[in-house]
Number of protein chains: 2
Amino acid sequence: MSTTAVLRRFNRTYTQRIGVLEESFLGLGRPLAVSRLLFEIGATEQSGGATVRDLRERLDLDSGHLSRMLRTLEREGLVETIPDPADQRRRVARLTPAGHTARQELDDRSEELAARIVAPLTDRQRARLTDALATADLLVRAATVRLREVPPDDPAGRDALQRYLDEIDARFAHGYVTSGPVATEPGSTYVLATSDGEPVAYGGIRPAADPTTIEIKRMWVHSDWRGAGLGSRMLRHLEALAAERGATRIVLDTNEVLEEAIAMYDRAGYCRVDRYAGSDPHATHFFEKVTAPR
Amino acid sequence: MSTTAVLRRFNRTYTQRIGVLEESFLGLGRPLAVSRLLFEIGATEQSGGATVRDLRERLDLDSGHLSRMLRTLEREGLVETIPDPADQRRRVARLTPAGHTARQELDDRSEELAARIVAPLTDRQRARLTDALATADLLVRAATVRLREVPPDDPAGRDALQRYLDEIDARFAHGYVTSGPVATEPGSTYVLATSDGEPVAYGGIRPAADPTTIEIKRMWVHSDWRGAGLGSRMLRHLEALAAERGATRIVLDTNEVLEEAIAMYDRAGYCRVDRYAGSDPHATHFFEKVTAPR
DNA sequence: ATATTTCTCTGACTAAAGTCAGACATCGTG
DNA sequence: CACGATGTCTGACTTTAGTCAGAGAAATAT
């Protein structure tokens, strides 16, 4: 069966068998959406609560609708909203002690529901299901990652860049001298991949000396996401951008400590070349790929 | 990570990433539930349409609610309902030509959505996802199969019984003499497992001569469902019923052609014994299991 | 033939979800 | 400090969902 057929069949099974159960199980007197909201607020607690805007985006709700649900939860004494000290227009929602209790209850119910669903399975089946769902989870997440261009000084991009540097630093036995944030170069473009708003991959292109050559810079994939094909997807995306800009040759450099990256470049059809002009002084491996002129 | 944790995480991923997409994609002006209904009616077309009762069960809807949705579809000219010739109280719903078109459109959209979801994946990833979802589908279905007691003359039970006999017949090289429907024996209980209303497993118990012994009869698992652990689940269920009725010993017989069944009984702790009184004349293998008295 | 059960339908609701316009406060910028 | 942008809220809806009682027709049991 084709992937789409399997996906569609699974979707039917899933919504029918599990979606339905969920609603009847997690209601607890409240409408399901309100329960979900309570849950979501709780999920952001350690970072000091969520702003209304965050919640709206995460749950994809209308502003009026969300506001009303927040009032409902406040009336029940489960949530309190206070103005964000950093910006008084914003309001952050936080759970009250009673809210924590209610959320814990929800969590318990959810756990119980999951336990009930898998209860009829044998240990071996349960292990197979765990495996299958973990794989599916990773791949569905990977498939729905969003790539978008960001300015070089975008905070999420900066964050990704910092992690990239940290990792080289941590892996680099000889102590890597962080070169600090790069200045914006004309013609360079950076792309950020996010999942649930979290940066999961980053990379960019910049023109090289030769006008038909473009250099790929600062490719990074979040460590939790290695092996999900995100690296090659980002690479293909950047190659497409380079092609749009008329490049027929792509170069890039990397450091020997980034073994997975090197393997990926090999797989993606890059050839090892000598150090090229303009490469990073700390780089140890150099690649190029010549693409057919359009 | 535990199975429940993986299941819950997957559930979040799935509803957030795919559930949401689905609604925006498959609405097409109609409320989603109406679209689903249209789809479901179409799915039963080759068998001459679905009765209202069938639809109600499959979609788990209130009678009034469903009736109104059917009127909506009729008003749009997509569906027509006619009294069931076999039973004039029932009504069967069928798609009109326009309904077929609308359903096809839905189907296309659904296919397109699925294709879009998997588009960013590489071939290898797609294959992994297909695998994982097919496994998860089977296991989720298996986990949510419903077991219920049925009277010996329940039509679904009869159907299951017939398939059981057919299969022995087909496999039995020497030509099996079908013994016809068994008369209801006092104290016997039959259990039917259904998935989407389809019988997928069947079995029953009946008291043996010895009052502390109960015999398990007519265990059958749908061929599509072998290997999903349904057989052992049914077996455990019947054993529990037998225990409730005070049995401390369970016997059963089967035919050598049903190899998987024999393997299952071995795995489930049954010992091979000699032919016992009251066993089926065509049976070739006999088992017993002594359970601790309560 | 009468009573009972089964099946679908309508009426009359309540609850939840989702929309849209605009009020009001606050922030950043020139 | 005026001005546009941003962020949240309320009011005033419309649409879907979901419930429940009971009417009326047809089948089945007594």
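Below, chain A is the first sequence line, B the second, and so on; all start at residue 1.
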Residue pair B:Ser67, B:Arg71: steps toward the side-chain hydrogen bond (donor to acceptor under 3.5 Å, both in side chains) verdict
CA-CA 6 Å; B:Ser67 187; B:Arg71 290 302 85 64; 3.2 Å; yes
Check step by step if salt bridge (charged side-chain N to carboxylate O under 4.0 Å, His left out) holds for B:Glu105 and B:Arg109.
CA-CA 6 Å; B:Glu105 219 174 300; B:Arg109 298 273 288 178; over 6 Å; no
Test salt bridge (charged side-chain N to carboxylate O under 4.0 Å, His left out) on B:Glu40 and B:Arg36 and set out the steps.
CA-CA 6 Å; B:Glu40 203 63 39; B:Arg36 257 202 268 273; over 6 Å; no
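Residues of residues 60-84 of chain B having a heavy atom closer than 4.0 Å to DNA chain D, listed by number: B:Asp62, B:His65, B:Arg68.
Rounded to an integer number of Å, the gap from B:Gln88 CD to D:dA27 P is 5 Å. Rounded to an integer number of Å, the gap from B:Glu57 CD to C:dC7 C1' is 14 Å. In this structure, B:Leu32 atom CG and D:dT15 atom P are separated by 18 Å, rounded to whole Å. Put simply, CZ on B:Arg56 is 7 Å from C1' on C:dC7, counting in whole angstrom units.
A salt bridge does not link B:Asp54 to B:Arg58: none of the charged side-chain nitrogens sits closer than 4.0 Å to a carboxylate oxygen. Using a cut-off of 4.0 Å between Lys/Arg side-chain N and Asp/Glu carboxylate O, B:Arg9 and A:Asp137 are scored as salt-bridged.
At most 12 heavy atoms of other shown residues, nucleotides or ligands fall within 6.0 angstrom of atom CD in A:Glu57. Within 6.0 Å of CZ on B:Arg94 lie no more than 12 heavy atoms contributed by other residues, nucleotides or ligands.
Inter-residue side-chain proximity for A:Arg56 and A:His65 is flagged as unmet; no heavy-atom pair is nearer than 4.5 Å.
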Distances under 3.5 Å between nitrogen or oxygen atoms of protein and nucleotides 4-6 of chain D:
unit_1: D:dT6; atom_1: O4'; unit_2: A:Arg89; atom_2: NH1; d: 3.4
unit_1: D:dT6; atom_1: O2; unit_2: A:Arg89; atom_2: NH1; d: 3.4

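Contact annotation: B:Arg91 reaches the phosphate of C:dC9 (side-chain N/O to OP1 or OP2, under 4.0 Å).
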